[in-house]
Each structure stands twice: as structure tokens, then as C-alpha cells.
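To start, the structure itself, in C-alpha cells.
In the text below, chain A, chain B and the rest are named by the order of the sequence lines, each starting its count at 1.
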Protein chains: 4
Amino acid sequence: MNADNRDKPRCHCAVFGVFGHPAAAQFTYYGLLAQQHRGQEGSGIVTSQFDPKINRHRFHVHKDFGLVTEIYRDEKLLTETLRGSMAVGHNRYSTAGAADNRLNIQPLTVIYKNGNLAVAHNGNLTNFKQIRKELQEEGTIFQTTSDTEVILHLIARSKKKDQIDQIRDALSRIQGAFSLVIMTDDKLIAARDQSGFRPLALGRKTNATPDGGLAFFIASETVGFDIIDAEYVRDIEPGEIVVIDRESTKTGTVKSLRIHDRKEKPHHCIFEYIYFSRPDSHIFGHSVDKVRRKLGKNLAKTKPVHPKDTGDKVIVINVPDSSNTATMGFVQETNKHGGSVKLEIGLIRSHYIGRTFIQPKQDVRENKVKTKFNTVKGVLKDNVVVIVDDSIVRGTTSKQLVQLVKQAGPKEVHFRVTSPPIKFPCHYGMDFPTPNELVANQCNGDVKKIGDELGVDSLEYLEIGDLLDSVPQENGANYCTACFSGTYPIPIDSNQTKDENEA
Amino acid sequence: MNADNRDKPRCHCAVFGVFGHPAAAQFTYYGLLAQQHRGQEGSGIVTSQFDPKINRHRFHVHKDFGLVTEIYRDEKLLTETLRGSMAVGHNRYSTAGAADNRLNIQPLTVIYKNGNLAVAHNGNLTNFKQIRKELQEEGTIFQTTSDTEVILHLIARSKKKDQIDQIRDALSRIQGAFSLVIMTDDKLIAARDQSGFRPLALGRKTNATPDGGLAFFIASETVGFDIIDAEYVRDIEPGEIVVIDRESTKTGTVKSLRIHDRKEKPHHCIFEYIYFSRPDSHIFGHSVDKVRRKLGKNLAKTKPVHPKDTGDKVIVINVPDSSNTATMGFVQETNKHGGSVKLEIGLIRSHYIGRTFIQPKQDVRENKVKTKFNTVKGVLKDNVVVIVDDSIVRGTTSKQLVQLVKQAGPKEVHFRVTSPPIKFPCHYGMDFPTPNELVANQCNGDVKKIGDELGVDSLEYLEIGDLLDSVPQENGANYCTACFSGTYPIPIDSNQTKDENEA
Amino acid sequence: MNADNRDKPRCHCAVFGVFGHPAAAQFTYYGLLAQQHRGQEGSGIVTSQFDPKINRHRFHVHKDFGLVTEIYRDEKLLTETLRGSMAVGHNRYSTAGAADNRLNIQPLTVIYKNGNLAVAHNGNLTNFKQIRKELQEEGTIFQTTSDTEVILHLIARSKKKDQIDQIRDALSRIQGAFSLVIMTDDKLIAARDQSGFRPLALGRKTNATPDGGLAFFIASETVGFDIIDAEYVRDIEPGEIVVIDRESTKTGTVKSLRIHDRKEKPHHCIFEYIYFSRPDSHIFGHSVDKVRRKLGKNLAKTKPVHPKDTGDKVIVINVPDSSNTATMGFVQETNKHGGSVKLEIGLIRSHYIGRTFIQPKQDVRENKVKTKFNTVKGVLKDNVVVIVDDSIVRGTTSKQLVQLVKQAGPKEVHFRVTSPPIKFPCHYGMDFPTPNELVANQCNGDVKKIGDELGVDSLEYLEIGDLLDSVPQENGANYCTACFSGTYPIPIDSNQTKDENEA
Amino acid sequence: MNADNRDKPRCHCAVFGVFGHPAAAQFTYYGLLAQQHRGQEGSGIVTSQFDPKINRHRFHVHKDFGLVTEIYRDEKLLTETLRGSMAVGHNRYSTAGAADNRLNIQPLTVIYKNGNLAVAHNGNLTNFKQIRKELQEEGTIFQTTSDTEVILHLIARSKKKDQIDQIRDALSRIQGAFSLVIMTDDKLIAARDQSGFRPLALGRKTNATPDGGLAFFIASETVGFDIIDAEYVRDIEPGEIVVIDRESTKTGTVKSLRIHDRKEKPHHCIFEYIYFSRPDSHIFGHSVDKVRRKLGKNLAKTKPVHPKDTGDKVIVINVPDSSNTATMGFVQETNKHGGSVKLEIGLIRSHYIGRTFIQPKQDVRENKVKTKFNTVKGVLKDNVVVIVDDSIVRGTTSKQLVQLVKQAGPKEVHFRVTSPPIKFPCHYGMDFPTPNELVANQCNGDVKKIGDELGVDSLEYLEIGDLLDSVPQENGANYCTACFSGTYPIPIDSNQTKDENEA
């Protein structure tokens, strides 16, 4: 587990797809690299190439545990092994499925009656245990415990003749959160659940190939397009299936159909804005940076800091890099209304703590967070310090961070959080610790008590109303706030407890 | 590819199984190590362990490319990861299924309605393409191109309720060569095709566990029992299914049923005696060493060497280590009938050429076989030299070997082979080069011409009749000699050409 | 080479030392981890342990190429292999000595008449070629081409009896930049050249051991103390030798002597303040953060930005993370004097580009800097953008960064640098490209021309006088600015050209 | 440690040298591969190449722990990195110097006043501690505890001007066993101690290069020449220094000088004939195969087997592969004199137990030797079995081997050894366990008692007189038998105990 996210909810996965470029694997490599923050446990790329010798398409696969830069260290993988002008890629955190089973690394690939099939999935299906049970009863075998595998079976078992119809058929049966990229022998399909829980965007690049051709791209976040100079076209809509084929590269348009005829209200994951997505991404049609700044502003408005002695110098510090933007919003808003606080860099974060960093068991230090953070003492000493962070999960890292700050000798320490207390599990793709490990639950939601636990002079969270006020609301936007509120927009399969069987 | 077998047919695979010992993984490790010669490309071990937390069995899996000693180098794998008192293991060469696809490494494991399932397979199914096609039409997806995967699907799709019935149902549908070890959550099943192409034996060990318990073992060759001090009980019979469960460890007996009601004539692979199996194994109920010695004797009887000058000293040399035993038989028989030839060690073989030995592309040497063999010059010089080998496939290594021997200055060089010319492909589990790469085909079966190609003074093969005369014939023993005769005892699926799709 | 520093001067090395704690290796591990930014090519730890069996001390060594987290991934190295209560550690960039020669990884260790000896060196000796030549004439052999090796020979060849006298004798002969940690069997010695080019600090920790003992530490930067909760005591003074032995842990004091009797004016490397050191470190007795902020302020004062249209919104962006602090200073100072610029996060930096990141040779992208940086488009669009950076070396990265910013559609782009143009090589431990690769030289120091090369509306550097005005001047502080001015405070050995022999 | 030699004395090292071929590294690779049996812990190759850019020679080095095939797995090492037409290589077992210190891997390379120097050493110096002490007193530092390092210092500190004189000067000061290959910038030097303890041979190859050039080679054993089709010219004589330079490739001759003016009686290591060398090598001017066969014959003559019941069938088995040749001699001699024993293959050895094979700590088996050996039961059962082996060291493996054979049900088991009991340590390059670990010492040399310990019906060793009678004696040949007799031909440095300091 990455030290980086030890006390943060873990998002599960980034997807990426390419259609129409002979260097599809390379584009996917960069697209996954730019989305590394969404999944650091494993990664895979699958390409499709027509092989005239066998007169059909061949899928080339490379998957492994680790970071993108580690997995594709041998550049021949990208330039020689993973040939073909279509590709699908995936970075993963485990959600359903055991983390250490190599078979769970996506994209999953199979052969069925209509050819090869690869699937990359971001999200979490809420009815997959029920479907899996039904399929098993019918004689189906499973390689993994992953929810994604049922999608492949449903496609293969569809009675429809046409492949796109088979896919639509399959997707109409699954519920929950899914942003998918599916690759057949000669088509790239992007699909998103009715609620649009997770982001999914369409990009393209003109004059991509030597002969001036057009290439299409699919990514979870638009930073996947930026790194390869592709342009963002639009989001895949909730409930939409987008089909990209050779025709698309000629007409410049993609085919669009709907999973279900009915449309429903979306339920975008609000945590994507709070923490998951990169600030330089556009998700759900909006700039993350902008939203995150507004979170800081609304927090400043509603939960200002009142130092005991009004004459004291008040400095506001970010927790790099996740609360950088929100902290700037907090400071601007405070000062706009007559406040006089100063933005400071009070915490320095080391970026050399890699994914596999291990602290020796007989460790000599008390405060483990020092491996990652250090204070700029001159900045903190004798001042009233306000720490702005995006969220508190277990509370352990926040507590150690407060201890670290206090060692620098501030007069007071205040903690402000740009989201409400997290109290409920997510069933749509985030990986929180079990509810009783959440500090908000341990303290029965008593914010004062949580503050005492952290050892701060004051602690305040953004209220849920102010959170909703901070995110875009136009055009029918609507959000899932289940981890704060416990209100789940899509019903959960009662068997949907964590499945631990590795095989 | 192992340098060792560059010019030999490659057998495909060893299987091993354990029931009834808490250190099942360790036993499997040794059982696979002793059978390393049957497959050096990859290896896997799967164990089954009851997990009270989830109230069901868990399968633990470790598989990788490489040799057994490389794959399980971390001893924790054997003592901590692969827990459980049942295990199934596999060493592989690729036959069906692309060699470099990690998913093809066996045992294959899946989850289906009745629990976990692991399968290790030695052999080659002759009707799997037909079955795969049917299954695909019914909506089944395939992870690999391996013939073994269809067995799993057939078990899962059986309409039978009882698991053993499901297995019997599945096995009754497949044809060709299969020596199988199947592990369910709590049973170990061994099964062998009607023809008994490949060997498969049952072993046991009394007082195996601290509390005096009985443990059962399954192995391709009995050397797998020797290394762990287990005793060989009997062969799994052609067409037999043996079921080992908790009951067996109490009663000391295993359940036996038949795949089909009818019995058929066996067709043991005669090449197992000629080259594949270790000389210290018992297969098809007989000592390989004994048979191999008889091959040498019959060769000496029927194809003696006549030096041009009868006064010359005649020495006979083996090609270490594959023709060691046959060469001794050849010498004994020759001298018994008044001949006067001397057994000598004329070729020294280096055992430091590992599995992955690579000769630099701009290699500085002409005779590549020198990496593996060197001559003892004093022994060969000025003498009439007879080289006894077990088989000739492509002929390239034999030719280089002859050149090497001739550099040592012998008066004449004669070549004797303890099997007939190989002219036909094997569809039951051996991996020969394509027919037109076989030197016997290149020379249209003209033995004189092959001898000229090798550069020897005389070349003789054992005749097929004399071959059959060398192998045990009692108790209804019967052999497949298709690679020599072209007569295939089991019909071949017409689609059964090499499938190269990796996915 | 770390992508991070591709267009930055590379500092060479961090040193660390521990005396008086049984977990010395663990402390060193953290001390090196906190100083990873000073050297990412290789790292080593040497500990000293008394072995009663041989009645003398044993040195335990582990060194390798790579990052600290990679090299000591096996925690047994720290807790079992590297035993002893004294340790010396080193992170390296190559300066003298070929980068890829494993023997050059420090600490260097040897055995000589008085026991074991280990040396870790940050800096560059200016007369080592002359000394090496003399030593070779006397029959000395060299394992490496590193300047550090001569120090070991000089100690061993000293005519003095006492070990500390031998070390003083040796240090009195070398010239140039050296911050050293030397470990003998039972003493830890820290020493710094007369000019004090590179930082070197003394730390300690009370109640460090279970029995309340005192432990001493040596580090290049004080962040090495922070991570292990040790306190910063003072700097090793220019020209000082500090000796720590068992006595020190009882008295709480260290012995101090001088290399030469005369004191000289220091010449602290001013680039340590501009770029090398971490902002949370104290070096040369002062907070780097404070100095770096002042650099930004002085730049704002002397080189303000004048947008063409005064009504335009002006935003100032940092280049994360190296110019974060200076940018804040720049903005504060500008607004203090009536300016109205806004600090923004306009560039997002990816921290997943590891040390060994390789871009495929047939790379599909034009702007390589996109792997590392992306823009927050909404922030930049239509605004006047001021980029504040710490230095420009080759200019290639800066140019690509400007292109990247311009793609986001700003109205104007201005570039401000918190140091003067770099025109001269460093002979005291920094590793610049050759002079003709420096963009300041390519443009003959014509700032307008450099700005055109970068493609900005205006470019300004901090003047050398304003640079000196930004750094602490009290207590006889004095700086080396040779890379800007060409004035070298210590004469350079005329043979001191890059030595490329690997052996 | 290789499982192969667990109970055998370990030889230390093979050397190899090439002069006059642009693919020198490749030849060295094969030369080391053929000599892998002499050292399996680590290997290194150093080449010399003139670099016109720096107008002097550059040494290219690659060294690592492991087998030759592992270390040079990347073929670019041989074809690109290790350029130059001269090379020196080394395989090692540790003798002096800690086994796990990477610095001890040879060839050692240094730079001194006359250029680069590389040394590869097979043997053990008996006065190196004394010389090291003297050198340290004069101010010399040591990187390793290896005896080889003193040779480099002695060369560098010689007062002679000419490099060959310096080398001769240095070699005249060292005592003990040394077969050396020394490479300077442009010369290859081979040298051998006065006693000629270890073998060292000169080879050459005409028409080696595209332009018909001549290349010279140096090897410990002649198998190093066979693998590359080079011809064996002659041995380096005891006390001789051979110098190969550009002149040699023109004239076809090498320069020869003597270390000392006086000649002395040689003391060839008799164990090279008994066990160390490959049977296909020529050493000390004779075929090892021939000698080893004579050892078997003399053993048969002097220590025949007398079964209790003269009517019993007596079979003689070898311990593959080390006693193969001697066993054939034993059988031939026995039958020649009216005996009637039969040579059989009773033990099968697995060659898949690699260098790093590890048996799990909680191993499930009792007889560990089963990992390596298995019996051919049908051959042994009910017969009188004679095991012929080359030597017994600790006795543990022999004992397990006897147990293994007895499990197969022989009527009697007799053990015959082609060398006398080993009772004394070797100071000239073999690595035995400490004297009290030798079974011959544990049983006070009482052969009957040793036989009881092994559990055999009779045990006999070859007498020392018969041993000497088996080896070539013409032309002043003379042997060291110290490990059997305790008579050391060269006095031993009293400090010469095992030095364990790793640094």
C-alpha cells in the first residue's frame, strides 16, 4: 500500500482506451501514467492486432503488480510486444477481489464465440454476487472473485447475435457503479452506469497518425488526454454506451446508444471532487481545481477560525499536495471578508517514499508520519496555525500530523476539513476501512470529541449542505454522498460483503 | 528452452498430488523436483485449506515460469503461503496453448457452484477444439487456449448433482491422452484416459503425520514417491477414476470408478520407455531401467557393428545421460555373443548449462554442441567408435555430436539408435518439430542417406518389431507407436492444428 | 537520472553518521531517506561492531545503486546485517568518478594498520589529481577514480601514531570542498573544509537508548535530524574536526580541533540556499525557507512584472516543488507595494515519475515535460501569467514548460528567476552540464535573447547583488558565487578535468 | 554453496585469459563456462581496450555472484560492454577472504603508476599475512582480506621501472600456491608458483580473427580450450612467467622467464587427479581420465571385494558423475583377474538441483541426499553392491548414500574409495572443513570404525603408495599429498588462520 494513502479512502482504478493509432500501447502507457493516482497496485495493457497468418485478431497482453513505470520498464513491451492500433489499459486498487491475486489485474481478457474480449472496469457492481450465483448454477466457472468477471460471462451468454447488442444486453443486467472500456477484436466500447458514479471521458486527436488520421481515446480523467496532447470531447453520459470503430475514424463521430431506455438522475461520487481526481482534471464536466477551491471558500465562510487572542498572527497551512487548492480558497475567502490570515508552507512532503516503502518492525521512531512530512519550524513557531485538509478517515495520520505541527511550537492549532465526517462504507467503488475504524464513528460523530482525539484547539468539518453548495449543480447534476449521509442511491446486494477467497 | 532437449521430443508435463498431510506443499515441491525432466517451462502448486472464518475452503496458489528450484526459492511459500493438507502440482511444457502465456501455467483453478476446483493435466485431448466450439456457442468464455480448460467447463456444466458424478460426466466426453489430478475443496481425484497413454501412479506413506496418519500421493512417475520416502501402491488404470478423501486416510483404501463402462485396449506411449521417463522410475508397471537395457540388447542383436578391420579396437560410448542404460545393454549383449567391444566414457556432459542459457548472437564458435558436450580424446583416438543414442529427431545435434567425436581422431564412427526413425507427429502429448523438420522425413526414411547426413560410417535404427519385443507385453500391455508408424489409435480432431492465439 | 533534475544542477551527496545507539543502521536509513534529494544514484551504510570472537571491530557494509527505499527493502539488512552502535551513510550523485562503477558508491571502506576505516564525502577536492599522482609514484594502487579514495591513502600513509592526528594530517593536505564523516573502529569524526562550501551539522538525542543514553548524529542537512526526532546542536565549523567517542556519550560534549591553525573566510555555496537544500532544513545556521522567501521578495522588488494592459489580471505560479517558497515571497512583496497579483497553482506535478523513468525511443509525444507537469487550464486562460523558478540551466525544460503554459491560453507569459544566469562550471561539488550547454552561454548572457529562446513576453533574473542581499550576512558569513561570477575562491588543479576511466 | 559439493573438498577457482581477438570477452565466457566446476560462487571478466579519446587503455569490468550463465545472461555484456581484444576471467570459491564480500570477486582491478592492472588467482599464498602486515606498516590500505590483493600492492610498490620486472619482483616475494593470469594495459601474463600446485595451461588458435590472426589463451584446465576449438600448446611450467604481447601474435611465440633462478621439485596437487579436474581435461601434462581409471584399477587390485557368499552376484556402481571413470577401471581390473563383477547404473543423479537450492527448514524428509540421488531398485535388490567413490570428507553424504542404497534391498554393501582418508587441512587452495569435522579424524583413522559409521559391510581406501603409483611419475613429476599425509612441502605462515573480517 502506498504510504501516500494510508489514511485516505482508496479510489479504485483508472481506465484508458485508444482506437486508431499504431502506437496505441504507448498512448495507453502515458494515459495510465497520468492516472496513476487512481490505482497503484497493478496495471495492464491489452492491444488488438489483426494477424493475417491466422486471419483473425490477436490480443497482446502485459499485466503486473506495481507502478506503471515499473511494469513497462522494458520499452520493447510498448514498441514491440503490445502491437496493434487499439488498446485498453487499467490501473487498479482492489475493491472486490483479493488484492494479491494476479488474475485480478485488469483488463480481463477472454475468448468467446465472437472473438476476443477485454474489459477494464472502474467502479463496483452492487448485484454481482446475485448474478454470479445464478451463473454458477447454470454451470459457469469463475477465475477470480472480481465483479468484473460477471460482465464477461453476461456478454458471452447473451442470446443476441450482434456483439454490441450482446454488450448492451449484459450491461442492462448489472447494477451499481461502472465506468467501462471494452475492447472486441475491432471495436472499442465505453460505457457508464445510469448514475454516472465514476467519471469517464471521450477524447480525440486529429492528425494523430503519419497519414493525418483521427484517433479516439477514453479516460477516467481528462489528465489522460493532456499528457498525450489529445483534446477532451465530452463525457460519456450516465447510462450511455459509446462505440468506436473504423467508421468513426472516417466520420469523426462515434455511435451512441443507451443501456436502458429510461434515463435516471445521476449520482456522481462527490468524493471525486473532494479528493480522488487530480486538480488539473475535468470531471463530471467541470474543473476539479475550481470545485476544490470553492470547498475551501465555503469552509472559510461557514467554519472560520477564531484565535483566542485576536492579536495573534494566524497562518493557514495546506497538507501537501491533496489540500493545496482548497487551502488557497480558504485563505482568499477569509481575507476577502476582512480576515487577516496568511497562507504558508508549513509542511514539506517527501516524494521519495515509494509504493513499497516498509518501516522496519523494530522501528526507532515514535511518529511514523515524519517519514512523509516535516515542518518548516520558523513558519509555525508562536503562531496560530490552521491546518486545512480534505478529509479524515481513520484519524491516525491526522493525529500524528497535529503532533508534528505542535512540536514546532505554534500557539494554537486548528483543523479544518473540506468535507463532512465519513461514517458509512462506500459500495460504489471507494475502499474505506470498516466503519468501526473510522474516527467519526469511534467518537459517535461528536466533532468536539474527534478534535480532542486529534489534540487540536478546534476542529470543524464542512457541513453536507455547504458541500453540496460547493459542487456544480446545473444541468441536472446530482451527487452521491452516501459515505457522509448513509443514504445509498442504488440498493446493495445483501450478500455484498467482502469476499476474501483468493482463488 | 532447455539446451538439454533442443533436439529431443519434449514431453509435456508432470503431475503430482497429496492428500492427508499438513505439509502437502512441501511434498509436492519434492515430487515436482523429482519430475523436473518432464517439464521445465513453468510450475505451479495449489493447496486447499479449510478456513473457519469464512466456513469454507480456500485455495492457495503459486505458479510461475521457470524451474521448481527457482519458483519456490522463498521457502515461506512452502511453509506459510501454501497451507493446507491437500495439494496438486504441475510441471509443464507447452503442447496446446501458447508457451508464453502465464495463464496457461497449471494447475488451473476456478470457482464453480460446488466450490473450488484445480486441475493438473499431462497429455493432449484430441477432441477439445470440437468441445470448445460447442461450449462457446453456448456462451462459455475461455481464458486460455489450453485443452485443459475445457475439462473445467465440462465439470461445471454437468447436470449431475454429485461432484464425483460431474467429474465422471466431464471425463466421459473428452478423448485423447489425459493423466489428471483434480482437487476439489476436500477431495483429490486421479484419472487416466482409456488408452493410458501417459503414466500415472498412486503412492502412500504410513506414519506420515505426527499422529501416525496415512497420506496418499499421485505422481506421473514413481520417482516422485522415492524422493519423499513414499511407497508405490499401483498405477491408476487406463479409464479409471480414483477418489481420495478423508475416509481413505481412515480405511487405507481409495475409491475407484470407471470413466466408461467398457474397457479398451491400452495404448501406452512407447516413447516413455525410450526417452521420457527417468530410468529409476516404474511406469506402466515396469522398471524403465530394465526396458531401456533391453532396447540396447535388442539393438546389439539386430544391428551389430562391423568394423572394416576386424582387428580394430571397438569402443562403445553413451550420450550422457539419456542413453547410459541402453548403452550398457548394447555392450553386454554384444560381448555375450562373442563380440569384444569396450564400454567407454567418451563424451563428458556439462550440467551447468541452465534452462535459460543463451549463446551470444555473434557467437565465436562453430560447433554449438561443445557448450554441452566435450570428448575424452584419449579414449576415442584411433579406435572404432560406436555411439549409442535413444532417438534422432531433427538430426542437428546428432550431426554436431558426430563432428565433435571425429575431431578426436577415431578410426570409424558408427551410430546406433534404440528406436526407429521418427516420421509422424504425436497428438497425445509429445511435442515434436513439424514433420518436415524431422531428418527421417528430409531423407525420405532412407537410413543410409540419414547416415551420410550425420557423417557416420554406419547408422542403424532399432526396427519397430524389435522395439515392441523390448517392452513388457504381459497382462494386456499394448503400445502407441504412432510417431514411428503413423498409425493413430485414437482419431484426431480435424481442427486440431496448433493454436497460436495467446489470449 | 531522475527526471526531476534533468535540467537542474545536481548536487553531489548527503552524508550521515550515528554514534551511540544499537539501532545505528536504522537511524542512518531514515537520515539518508530525508536527504534523498541530495543524491539518488546510489547509497550505502557501514556500521562498526565489536566482535568478541576476533577481539576486534568488524565493519558491516551494504551499498547499491538506487534509491534508499529500494536498497534497504529487505528490513533484515537494517535490523540484522548492519549491526553495531556506530554507522556512517551516504547518498550519491557522481561528480568525480564514473557514475556506473559500483566501487564508487560510498562510504568507502578499507583496512589499514590501525583498523577499519570508512569515509563518506560530500564535495569535490580540487587538488586530488596532483596528490593521486604523487601517491602513485610512491607505489600506491587505486580502486576508483574518486577523489575520496586519496583521503584514505593519506590517512594510512601519515607518519603520525595517533589516529586522530593521522586524520588531521591527511585533511591538512587536501583542498577544495569536503564535508566528511569518517568512521574508525570506535570513533566517529566529522570534518569540513576551511571554506565550508557544503553544509554539515551536529545533532543529538537524549534518552535515545533504553538505558537513557545519549546518541550523536552528523548530517548534511538538519532534515536528517528531524525525521528521527533528534535535536540540531550546531554546525560543524569550516576547518573544524569533530571527534565523537565513548567519552562523548558520557560528558555530552564532543572534541573539536582544527585542520589548519589559521582560520579563513568561509565560502558557503549560495546554490544550497537557491535550490539544493530542502526548505525545511537549517543550513549555514539559517532556515532555508526564510532565505528562499527573501529571494522571491527581492526578485519582486527589483524585477517586477509589467503587463502590457494594466487592467489585466496577473497571476503568479510556482514550479512545484522547487520554487514554492520563493513564489510566495514574490507574491507577498508585490502586493505589499500596491501590486495586485494572485498566487495560483497553475502547474500540477506528477510524483510517480520514478528515478528510472524511461520514455520509449519512438515516443509519440512532442512535449516531453508533460510527463512531469500539467497545467490547470482554468487558472491560466486569458490571464497574464508570471512563472517564478529558482534557476535556468540548459533552458530546455524551461522552454517546454513555457510551451505547456502557453497551450492553456494565457494572455502573456513572464518568467522570473530567483538567481542570476549560470555561466561557469562548479569545482566544489555541483554537477552542471558543460559551459556550452548552458543557455546563458549560448545566448552570450543576453537575457532578452534567452527570453526569446524560451518564448516568453519577459524574462528577468535576480541580480547577483540582490542575491547576496537575500542571504544571511551576519557573523562573517560569506558565499561562493562562482557559477554566476566565474570567481573561484579556491584555485583549481589544472588537471582537474573529468576523468572517465571506469576501472 | 552448490549441493553438488556439500561433502566434497571445494577447489578454489578457475582462471582464463585471452590475447589477440576482438571477441575476447566471448572466448572468456566460454572458457569460464567450461571451468564452472572449479568455482560456482562468483565470476568476473575484465577486458582491456585502447581508447583513442583519452589516449590510453580502458578496462571494462563485469563481476557478480552466481553462475557464469546467470552473470552474463544479458548478451550485450559480452558483445558491447566488455570490448577489447584482451581479457582475463575468473570463477571463484572463497578460500581466503569472506565469501559474501562482493569486493572479493576476481579478477581484482586497480590503477597504478604504470596503468591498469587486473589479476585472477587460483591458489593460496602461505605468507600473505606477513606481507600484508609489512605493507600496512608502510601505510598501505586494503580493500579486501584476500591474499590476491597483496600481489597488486607488491607490483605497484616494486622499485623496478619495467612492468614485467615489477611483476617478477612481486612474484618472487610470495609463497604458496598461485596460478595467475595478470593483465596490464597491453600485455597478458601467466605465472605459476615453483611447486606448480595448481594447473595452468597455454593454448592458441590460428586463423582466429577474420584477417587470419593468431590468438593466445590461458586456462586452468584444457577443457577451457576445447570449448572454443583452441589447441593446447603446453603447461605454464612451475616457477615460470609467460608474457604475451602484440609481438607474440606476430612471431607465434611467447616470452618466458623464471620467477626465481633456482628450479625446485614440483608438488602438484594430487587431488586435482582424484576429484577436482574434469575427466576430459589434460592437467600436469596428462589426461585426467586415464589417471582416474588407473586409480580405479589399483583400488581393485589392492582392495578387492570379497562377498560373504561367493555365489552371490556382485555389482559395482558409480556415484555419478564424479566416480564414473574410476568405477569403470575398478570393474575392468577386477574382471581381468578372474573376478566376475558387473558394472551397473544403480544411482541416478538429478541435475536440476541448482547452485542455490534450499531445503525448507521444516523439511518433511529424513534422508536429504534423496534430493540429488535416487536408486535403480531392480539393479540393487538382493545383490552384493560395491559403491566406488573418489573420496570421503565429512562422511555425512556417504552415510546417507549408503542408507539410500540399503533401502533398495541389497544383500551386502561395500564401499571403495579411490583415495586415502583425508585427515589434514590444505593450505594450497582446497577448502576442507575443519579437521575435527573430517570423519577420518572423528574415527581416529580407524577404517573399520569409519565403515561402521557409514553402515557398510566393508570399507576400503586406496593406500597412499598405490595412489602415487596411479599418477604419472615421469619427467620429474612430484605430488603434494599433504591432506592425506600431513607433510606440507611449503611452510605455512603461523598467522595463516581463517580471517573473517568482511570489510
Side-chain angles (χ1 to χ4, degrees), chain A residues 46-49 51 53-54 56-64 81 98 100-103 105 107-119 132-145 149 151-159 166 170 185 497-503, chain B residues 46-49 51 53-54 56-64 81 98 100-103 105 107-118 132-145 149 151-159 166 170 183 185 497-503:
Chain A
V46 180
T47 58
S48 175
Q49 183 193 30
D51 184 342
K53 273 191 288 185
I54 54 173
R56 52 189 173 80
H57 285 76
R58 217 181 246 290
F59 272 23
H60 303 290
V61 183
H62 187 74
K63 309 198 279 191
D64 210 343
T81 309
D100 57 350
N101 186 347
R102 183 179 282 277
L103 291 174
I105 303 176
L108 300 185
T109 56
V110 296
I111 310 162
Y112 84 120
K113 59 178 176 282
N114 293 40
N116 293 289
L117 214 51
V119 174
R132 192 171 68 174
K133 201 156 167 263
E134 288 167 27
L135 289 171
Q136 282 186 343
E137 289 308 318
E138 295 168 23
T140 303
I141 59 179
F142 285 83
Q143 308 280 337
T144 72
T145 53
E149 196 179 350
I151 302 174
L152 291 163
H153 284 294
L154 290 175
I155 295 171
R157 298 172 74 89
S158 167
K159 305 291 184 209
Q166 290 164 358
D185 282 340
T497 52
K498 193 156 197 163
D499 187 337
E500 300 178 86
N501 198 319
E502 297 172 29
Chain B
V46 180
T47 58
S48 175
Q49 183 192 31
D51 184 342
K53 273 192 289 186
I54 54 173
R56 52 189 174 80
H57 285 76
R58 218 181 244 292
F59 272 23
H60 303 290
V61 183
H62 187 75
K63 308 198 280 189
D64 210 344
T81 309
D100 58 351
N101 186 347
R102 183 178 283 275
L103 290 174
I105 303 176
L108 301 185
T109 56
V110 296
I111 309 163
Y112 85 120
K113 57 179 177 282
N114 293 40
N116 293 288
L117 215 50
R132 192 170 67 174
K133 199 158 168 262
E134 288 167 26
L135 289 171
Q136 282 187 343
E137 289 308 319
E138 295 168 23
T140 302
I141 58 179
F142 285 82
Q143 308 281 336
T144 71
T145 53
E149 197 179 351
I151 303 174
L152 292 163
H153 284 294
L154 289 175
I155 296 171
R157 298 172 75 89
S158 166
K159 305 292 184 208
Q166 290 164 359
M183 185 168 71
D185 282 340
T497 52
K498 193 156 195 164
D499 186 336
E500 300 179 86
N501 197 320
E502 297 171 29

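Options A/H153, A/K159, A/Q166 differ in how many heavy-atom pairs under 4.5 Å they form with chain B, and the most are formed by A/H153. Ranked by heavy-atom pairs under 4.5 Å with chain B, the list A/R157, A/K63, A/E138 is led by A/R157.
Screening B/T145, B/T140, B/I141 for a side-chain contact (heavy atoms from CB on, under 4.5 Å) with A/I111, the sole residue that qualifies is B/T145.
By the side-chain hydrogen bond (donor to acceptor under 3.5 Å, both in side chains) test, A/Q49 is found to be paired with A/H60, residues two or more places apart in sequence or in another chain being considered.
Considering every non-hydrogen atom in both B/Q143 and A/T109, the closest pair reads OE1-O, 3.6 Å.
With values rounded to the nearest 0.5 angstrom, B/K113 atom NZ is found 11.5 Å from A/L135 atom CG.
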